[in-house]
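Accompanying notes for the structure given below.
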Amino acid sequence: MSCSMKTEHLQSLSLLHWPLSYVAMFWIVQPLLICLLFTPLWPLPTVYFVWLLLDWKTPDKGGRRSDWVRNWNVWTHIRDYFPITILKTKDLSPSENYIMGVHPHGLLTFGAFCNFCTEATGFSKTFPGITPHLATLSWFFKIPIIRDYIMAKGLCSVSQASIDYLLSHGTGNLVGIVVGGVGEALQSVPNTTTLLLKKRKGFVRTALQHGAHLVPTFTFGETEVYDQVLFHEDSRMFKFQSLFRRIFGFYCCIFYGQGFHQDCKGLLPYHKPIITVVGEALPLPQVKNPSPEIVDKYHALYMDALYKLFEQHKVQYGCSNTQKLIFL
């Protein structure tokens, strides 16, 4: 396939996992389904809305993944564009459950999407017996049609009920949480390795309650594929971004990459490698009601493991020897 065809595929497919596109689809799909109720095709939306009500709690009960969707050939175009790869440092036992910290958030989380929501990089062969679930905003699962699409890729709601369900039904489940969240996305610019983690301890508490192991990961190159326009905290644009986040749950970022021609700017990401390094699992005891001291202890151990993982691989994957991982 030609380079131009690959870039066209990526431009369209990247929108399929960009949060803002889900919001846009909400304002398109929902009115369309309602309008169909007043046409001869009214049985179609009627049946779907009835089924939607019956299926409403599925995102909080493990979702509904589809191996067929996860194995679509189109995902390989995203993988090859950068390219995107996954590196295993240690095996994960199917007899345990895991909470995986995904760092950094980046702008469109290409690494997490390709590695954990598709089979383009061969997750099932790399970690046999492990079922990955990438947690995202619960709001997206309320959008008709979109909810079914993202569940098919293995995404789950980041709600407590959803994560509790996955970690208490069988073993071999891995729940990926982008710990830095939307706040970290706003700081995503090239040549930065700053993570919002010091006060993000809920995932550690949940892991302790279920006795799930913690898995640190770091995706090198995630923040290098786009440039972002940053605004001062006192500016009107920053205040608009904050208001947008309060309404929709994520930031409206202004970013740019390259165009169809390499010398011009556009919305295509830069051709830069993205490598997700999956670290060794950190075993945790099961503590139904962990005290703040216990949570702090294992949170500190997790940050230390993540820091060592970054230090071990940073030079090999594009960072300078003096680059440091900063926790905020």
Side-chain angles (χ1 to χ4, degrees), residues 9-10 12-19 21-26 28-30 32-33 44-45 47-81 84-86 92 94 97-100 102 108-159 161-178 276 278:
H9 271 298
L10 181 67
S12 60
L13 293 174
S14 62
L15 292 177
L16 295 180
H17 73 286
W18 185 25
S21 70
Y22 299 157
V23 177
M25 289 298 290
F26 172 79
I28 296 173
V29 174
Q30 186 161 289
L32 179 61
L33 289 174
L44 294 179
V47 171
Y48 180 81
F49 281 128
V50 170
W51 177 81
L52 183 64
L53 291 174
L54 297 175
D55 192 62
W56 191 252
K57 294 184 178 180
T58 297
D60 289 331
K61 295 184 177 180
R64 184 172 49 252
R65 65 197 299 112
S66 167
D67 289 337
W68 175 66
V69 173
R70 288 175 56 85
N71 282 281
W72 280 352
N73 288 332
V74 293
W75 307 133
T76 62
H77 297 301
I78 294 181
R79 178 198 66 193
D80 295 339
Y81 179 90
I84 298 174
T85 55
I86 187 170
L92 297 180
N97 284 325
Y98 304 89
I99 288 183
M100 175 180 65
V102 178
L108 299 187
T109 57
F110 281 112
F113 164 76
C114 197
N115 287 316
F116 308 123
C117 299
T118 81
E119 287 295 329
T121 57
F123 181 92
S124 295
K125 293 180 180 179
T126 304
F127 295 101
I130 302 298
T131 304
H133 305 266
L134 186 64
T136 189
L137 297 175
S138 303
W139 193 88
F140 296 146
F141 296 94
K142 295 177 173 59
I143 306 176
I145 308 298
I146 289 296
R147 66 189 295 276
D148 304 295
Y149 162 70
I150 60 178
M151 278 196 293
K153 292 191 298 184
L155 276 84
C156 67
S157 169
V158 77
S159 69
S162 173
I163 297 174
D164 287 341
Y165 183 93
L166 289 169
L167 297 179
S168 59
H169 286 73
T171 59
N173 290 307
L174 182 147
V175 181
I177 300 177
V178 189
T276 297
V278 181

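Bear in mind the structure is a predicted one, so any value in this text is a computation, not a measurement. We use all heavy atoms of the structure for the numbers below, so side chains are in, but hydrogens, waters and symmetry mates are not.
Between N97 and N173, the closest heavy-atom pair is OD1-N, 2.9 Å. Among all heavy-atom pairs drawn from L166 and G62, the shortest one is CD2-CA, 3.6 Å. Scanning all heavy atoms of the two residues, the minimum distance from F123 to I130 falls at CE2-O, 3.6 Å. Across Y98 and L92, no two heavy atoms sit closer than the pair OH-C, 3.5 Å. For the pair T126 and T121, the tightest heavy-atom approach, listed with the atom from each and the gap, is OG1-O, 4.2 Å. Contact detail for R70 and P132: the closest heavy-atom pair is NH2-CG, 3.7 Å.
A parallel orientation is assigned to the rings of Y165 and H169, their planes being inclined by less than 30° (bins at 30° and 60°).
Atom CD1 of I84 sits about 11.0 Å away from atom OG1 of T76, to the nearest 0.5 Å. With rounding to the nearest 0.5 angstrom, the CG atom of D55 is 11.5 Å from the CZ atom of F141. Taking OG of S157 as the reference point, atom CZ of R147 lies at 11.0 Å (rounded to 0.5 Å). Remark: Y149 OH to I146 CD1 distance equals 7.5 Å, nearest 0.5 Å. Between the CG atom of L54 and the CZ atom of F49 there is a distance of 13.5 Å, given to the nearest 0.5 Å. Atoms SG and CD1, from C117 and I78 in turn, are 10.5 Å apart once rounded to the nearest 0.5 Å.
A 4.5 Å side-chain heavy-atom check between T276 and F116 finds at least one atom pair inside the cut-off. The shortest distance between side-chain heavy atoms of I150 and I143 does not fall below 4.5 Å. Taking 4.5 Å as the limit, every side-chain heavy atom of W72 sits out of range of all side-chain heavy atoms of T118.
Judged by distance alone, with hydrogens and angles left aside, the side-chain atoms of W75 form a donor-acceptor pair with the main-chain N or O of V69 at under 3.5 Å. Between the side chain of E119 and the backbone N or O of D67, no donor-acceptor pair lies under 3.5 Å. Judged by distance alone, the side chain of S162 and the main-chain N or O of V158 form no donor-acceptor pair under 3.5 Å.
For the side-chain contact (heavy atoms from CB on, under 4.5 Å) criterion with M100, the lone passing option out of L174, V178, I177 is L174.
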Query - F113 vs L134, side chain to side chain contact (heavy atoms under 4.5 Å, CB included): CA-CA, chis, key distance, verdict - result: CA-CA 8 Å; F113 164 76; L134 186 64; 5.5 Å; no
**Report entry** Audit row: L167, I99, side chain to side chain contact (heavy atoms under 4.5 Å, CB included) steps and yes/no
**Finding:** CA-CA 9 Å; L167 297 179; I99 288 183; 3.7 Å; yes
Requested in this report: Would you check, one step at a time, whether the test side chain to side chain contact (heavy atoms under 4.5 Å, CB included) holds for I86 with F127?
Outcome: CA-CA 11 Å; I86 187 170; F127 295 101; 4.1 Å; yes
